[in-house]
Amino acid sequence: MNTVTIFRGTLPKNFLGNVIYQFQLPCSCTALHIRLICHLQDRKEAAFLHEKEAEAAFLDHCGRLPDAQEKERILVQMKTEIQLAAFLSGKFLGNVHRPGNIKEMHFSPDEERTCGCMDQKGPYHGLLKLVINSFGVLEEEISYELRIECIPETFEKEENKRC
């Protein structure tokens, strides 16, 4: 696979929203690979950054402060939620929303379909739109890397045309 481009960014604490990247694929590709790597903190450590907010919410809802077990149960349930959606020339390719710090999408006639993605055999060309959906960031800040890789289609008239 050839790396076509890499986007990098950060999401601040409590960020709710989308970050959208649009990228014109420079050539027609027989395979496309999209990878989002988020540099997440340990989930439990990140949740404890919100301990005071969790206690305040519990107090508002229940009229009292949580005991130690209740507070632990609340904090253990908290997580950073980030998803990745992809569209190619306006057509939905997929949405990856499994837990973990790496979200990957593979599109190729030779590979098994990525869970959460459409069965698109290619060739892949056109405007690639990638949407990072954030439903909450526990950490003070999350840095990420969004990588697009492909295998360029070989053309008979133009030998070894590459992206």
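Given the structure is predicted, the values throughout are model-derived calculations rather than measurements. No hydrogens, no waters, no symmetry mates; every other heavy atom, side chains included, goes into these values.
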Tell me whether M78 is reachable from L40 by hopping between hydrophobic residues (I, L, V, M, F, W, Y) whose side-chain heavy atoms are closer than 4.5 Å.
-> no

Flag side-chain contact, heavy atom, 4.5 Å: L32 against I151 = no

Kindly determine whether H33 and E104 satisfy side chain to side chain contact (heavy atoms under 4.5 Å, CB included), including the steps that lead there.
-> CA-CA 7 Å; H33 181 87; E104 294 185 277; 3.2 Å; yes

Where at least one partner belongs to residues 39-79, residue pairs that pass ring pair (Phe, Tyr, Trp, His ring centres under 6.0 Å), sequence neighbours excluded | none

Closest heavy-atom pair and its distance - P152, C150 = CD-O, 3.8 Å

Which donor-acceptor pairs under 3.5 Å do side chains of residues 3-12 form with protein atoms, sequence neighbours excluded?
from: T3; atom 1: OG1; to: R147; atom 2: NH1; distance (Å): 3.4
from: R8; atom 1: NE; to: E145; atom 2: OE1; distance (Å): 3.4
from: R8; atom 1: NH2; to: E145; atom 2: OE1; distance (Å): 3.2

Residues 134-144 side chain polar contacts: donor-acceptor under 3.5 Å, at least two apart:
from: S134; atom 1: OG; to: F15; atom 2: O; distance (Å): 2.8
from: E139; atom 1: OE1; to: T80; atom 2: OG1; distance (Å): 2.6
from: E139; atom 1: OE2; to: Q41; atom 2: N; distance (Å): 3.2
from: Y144; atom 1: OH; to: Y21; atom 2: OH; distance (Å): 2.6

Other than L65, what residues sit in its cluster of Ile, Leu, Val, Met, Phe, Trp and Tyr side chains whose heavy atoms are under 4.5 Å apart, directly or through others?
-> L59

Check whether any side-chain heavy atom of R64 lies under 4.5 Å from a side-chain heavy atom of E70, and answer yes or no.
-> yes

Please check if M118 and F87 belong to a single hydrophobic cluster, counting links between Ile, Leu, Val, Met, Phe, Trp and Tyr side chain heavy atoms closer than 4.5 Å.
-> yes

Donor-acceptor contacts, no H, no angles, side chain residues 88-97, under 3.5 Å, sequence neighbours left out:
from: S89; atom 1: OG; to: L127; atom 2: N; distance (Å): 3.4
from: N95; atom 1: ND2; to: Q83; atom 2: OE1; distance (Å): 3.2

Short question: side chain of K103, backbone of R98 - any donor-acceptor pair under 3.5 Å?
-> yes

Taking a hydrophobic cluster as the set of Ile, Leu, Val, Met, Phe, Trp and Tyr residues connected by side-chain heavy atoms closer than 4.5 Å, whether directly or through intermediates, do F23 and L84 fall within one such cluster?
-> yes

Examine distances only and state if a side-chain atom of N18 and a backbone atom of I20 form a donor-acceptor pair shorter than 3.5 Å.
-> no

Taken in chain and number order and not counting sequence neighbours, the residues that satisfy salt bridge (Lys or Arg N to Asp or Glu O under 4.0 Å) with E55 are K71

Between CD on residue E51 and CD1 on residue I74, distance to nearest 0.5 Å = 10.5 Å

Tell me, do L36 and I102 make a side-chain contact under 4.5 Å, heavy atoms counted?
-> no

Count the heavy atoms of every other residue, nucleotide or ligand shown that sit under 6.0 Å from CD of Q24, and state whether that count exceeds 12.
-> yes

Verify same cluster id: I37, V19 (apolar side-chain graph, 4.5 Å) | no

Looking at CG of L49 and CG of L75, how far apart are the two atoms once the value is rounded to the nearest 0.5 Å?
-> 10.0 Å

